[in-house]
Amino acid sequence: VQLQASGGGSVQPGGSLRLSCAASGVTLNHLYVGWFRQAPGKEREWVSYISSRDGITYYTDSVKGRFTTSRNNAKNTVYLQMNSLKPEDTAVYYCAAAYPGGDMNHYKSEAFYNYWGQGTQVTVSS
């Protein structure tokens, strides 16, 4: 199983980026897929996840209304569309996948995830 995160880069405040998480060896719509981020000097934090099958999405409060997680089953890829980016969104972003079976709060914890991508840097700066 391999997850490949991509799409990071440098943007000005207010800009947008779309991150992709492509999978091989596993079918993403059978799993929960989460996005996490780690800013310099801080612990990794949960950002969003999309549930298996029905594709319900959840977001941490700081990104609600700005970030959107979606899934393309044909491409076996999950996306994180990030709009209205702020300097505090600067971090390395990771995607991860977990088997279903937990409650909604489990998927906010990185301990519950089975597979991880390598991370992609997002820098928001003027």
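Since this is a predicted model, take the numbers as computed values, not measurements.
The side-chain heavy atoms of Y94 and E110, taken from C-beta on, include no pair separated by under 4.5 Å. At a threshold of 4.5 Å between non-hydrogen side-chain atoms, the residues V26 and L31 count as touching.
Of the possible polar contacts, none joining the N105 side chain to the K108 backbone as a donor-acceptor pair under 3.5 Å is found. Of the possible polar contacts, one joining the R71 side chain to the S51 backbone as a donor-acceptor pair under 3.5 Å is found. Of the possible polar contacts, none joining the S20 side chain to the A22 backbone as a donor-acceptor pair under 3.5 Å is found. Remark: the backbone N or O of R53 is not paired with any side-chain donor or acceptor of N29 at under 3.5 angstrom. Distance alone, capped at 3.5 Å, places no donor-acceptor pair between the R44 side chain and the R37 backbone.
Looking at every heavy atom in both residues, N76 comes nearest to L28 through OD1-N, 2.8 Å. When all heavy atoms of G119 and A5 are compared, the closest pair comes out as N-CB, 4.3 Å. Of all the heavy atoms in M104 and Y49, the pair that sits closest is O-OH, 2.7 Å. A pairwise comparison of heavy atoms in L85 and R66 identifies CA-NH1, 3.8 Å as the closest pair. For the residue pair S126 and P13, the shortest heavy atom distance occurs at N-CD, 3.7 Å.
Shown here is Q2, whose CD atom has no more than 12 heavy atoms of other residues, nucleotides or ligands within 6.0 Å. Other residues, nucleotides and ligands contribute only 12 or fewer heavy atoms inside 6.0 Å of the CD atom of E43.
For the atom pair OH of Y79 and CD1 of I50, the computed distance is 11.5 Å after rounding to the nearest 0.5 Å. Y93 OH to W35 CH2: the interatomic distance, rounded to the nearest 0.5 Å, is 10.0 Å. The CG atom of L17 sits 8.5 Å away from atom OG of S10, with the distance rounded to the nearest 0.5 Å. Atoms NZ and OG1, from K42 and T90 in turn, are 10.0 Å apart once rounded to the nearest 0.5 Å. With values rounded to the nearest 0.5 angstrom, C21 atom SG is found 4.5 Å from L3 atom CG. Atom CD of Q4 and atom OG1 of T77 lie 10.5 Å apart (nearest 0.5 Å).
F36 and M82 are assigned to two separate hydrophobic clusters, defined by single-linkage of ILVMFWY side chains at heavy-atom distances under 4.5 Å. Residues I56 and Y59 do not share a hydrophobic cluster, clusters being chains of Ile/Leu/Val/Met/Phe/Trp/Tyr side chains in contact below 4.5 Å. Residues V122 and F67 share a single hydrophobic cluster, defined by chaining ILVMFWY side chains whose heavy atoms lie under 4.5 Å apart.
You'll find the ring centres of W46 and Y58 outside the 6.0 Å limit. Y99 and F112 have their aromatic ring centers separated by at least 6.0 angstrom. With ring centers used as reference points, Y32 lies under 6.0 Å from Y107.
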- Query: Does the side chain to side chain contact (heavy atoms under 4.5 Å, CB included) test come out yes or no for V92 and T120, once each step is laid out?
  - Reply: CA-CA 5 Å; V92 177; T120 185; over 6 Å; no

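Taking 4.0 Å as the cut-off between side-chain N and carboxylate O, D89 and K86 do not count as a salt-bridged pair.
Defined by atom type and a distance below 3.5 Å, a donor-acceptor pair is present between the side-chain atoms of S16 and N83. Residues S48 and T69 bring a donor and an acceptor atom of their side chains to less than 3.5 Å of each other.
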